[in-house]
Amino acid sequence: MMENILYEGKAKIIYTTENPEIIRVAYKNDTTAFNGEKFEKLEGKGQLNNEISSYFFSYLKEQGIESHFVKKISNTEQLVRRVDIVPLEVVTRNIAAGSLSKRIGWEEGRKMPEPIVEFYFKNDDLGDPMLADVHIQTLGLATESDLEILRKKALEVNNHLLNLLEPRGLLLVDFKLEFGRDASGQLLLADEISPDTCRFWDAETQEKLDKDRFRRDLGGVTDAYAEVLRRLNSI
Ligand code: UDP
């Protein structure tokens, strides 16, 4: 079987398969923050994120939200449809935290009046800046109608995830999605949905159960990810 590394990112390795439309994603234990400045290998993280991300994509499919996800094939790997990733991070926020708190001066934990969607440029050299629609159009990354589709899809995913997580005692503070274009040019949900890319707080204690434990040196990173997976499987 001929398989080659197509791309190696910070948290995943992408391999070709015999089918040109399908690629294999291997989740790594590598954990990075602050544009790669902070780095650690966390035993078991790849497996947890593969399981959690597979769970979310399968659940979203049941809710009618298509994604690149095909199936989980091992503890750390999944098969996904090959798409051209749009270099935008689509961030949806229900509760102020992180860079939004810094930008607008709202304390972490303050509820947003309505969920909001923001776009960031996936560009390490520039430090992933937030972009306005006009910048995205100037760069030719997406049209205004693409952006409307991305906003609508992000808010739909948000509603479905909120419905899933609420009875499991988890607050969905914010999360980042990525989208790709398939062969026909359609925008398809892609990448991963995991504690690396979402903020999850325990609804009772507000304890952080996501990558902020790594970013902020709180310890117990993989225990927190395991707790998220346990909650997902608890009902
Ligand atoms: N996020 C991500 N990748 C990034 C930046 C952010 O997955 O490169 C996620 C992050 O985990 C959080 C949300 O997007 O759930 C919003 O992150 P924010 O803009 O607050 O940035 P941060 O404070 O994490 O730098």
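Below, each value reflects all heavy atoms present in this structure, side chains not excepted, and no hydrogens, waters or symmetry copies. Read the numbers this way: they start at 1 and go in the same order the structure lists the ligands and their atoms.
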- Message: Show the nearest heavy-atom pair for residues Leu177 and Ala154, with the distance to one decimal.
- Response: CD1-CA, 4.0 Å

- Item | Heavy-atom gap Tyr120 to ligand 1 smaller than 4.0 Å | yes

- May I ask you to decide if Asn123's main-chain N or O and Asp128's side chain share a donor-acceptor pair within less than 3.5 Å? yes

- Task: Do me a favour and list the nearest non-hydrogen protein atom to atom 12 (C) of ligand 1 with residue, atom name and distance?
- Result: Asp174 OD1, 3.1 Å

- So, His68 side chain and Asp191 main chain: donor-acceptor pair closer than 3.5 Å or not? yes

- A student comparing Ala97, Ser99, Ala33 should find that the heavy atom closest to atom 18 (P) of ligand 1 comes from Ser99

- Query: How close does the nearest protein non-hydrogen atom get to atom 24 (O) of ligand 1, and which residue and atom is it?
  - Reply: Arg199 NH2, 3.1 Å

- For Lys45 and Asp30, indicate whether the former's side chain and the latter's backbone hold a donor-acceptor pair under 3.5 Å. yes

- Task: Write out the residue and atom name of the closest protein heavy atom to atom 4 (C) of ligand 1, then the distance separating them to 0.1 Å.
- Result: Glu89 OE1, 3.3 Å

- Item | Expected output: side-chain Asp202 to main-chain Thr205 donor-acceptor under 3.5 Å | yes

- When distances are taken from atom 2 (C) of ligand 1, the protein heavy atom at minimum range is Lys176 CE, 3.5 Å

- Query: Of all heavy-atom pairs between Leu209 and Val228, which one has the smallest distance, and what is that distance?
  - Reply: O-CG2, 3.4 Å

- Task: Say whether Asp212, considering both its backbone and side-chain N or O atoms, lies within less than 3.5 Å of an N or O atom on ligand 1.
- Result: no

- Task: Specify the closest pair of heavy atoms between Arg81 and Ser67, including all atoms of both residues, with the distance to one decimal.
- Result: NH1-O, 4.2 Å

- Note on the structure: heavy-atom search around atom 10 (C) of ligand 1 in the protein gives Arg215 NH2, 3.5 Å

- With a 4.0 Å cut-off on heavy atoms, does Val173 reach ligand 1? no

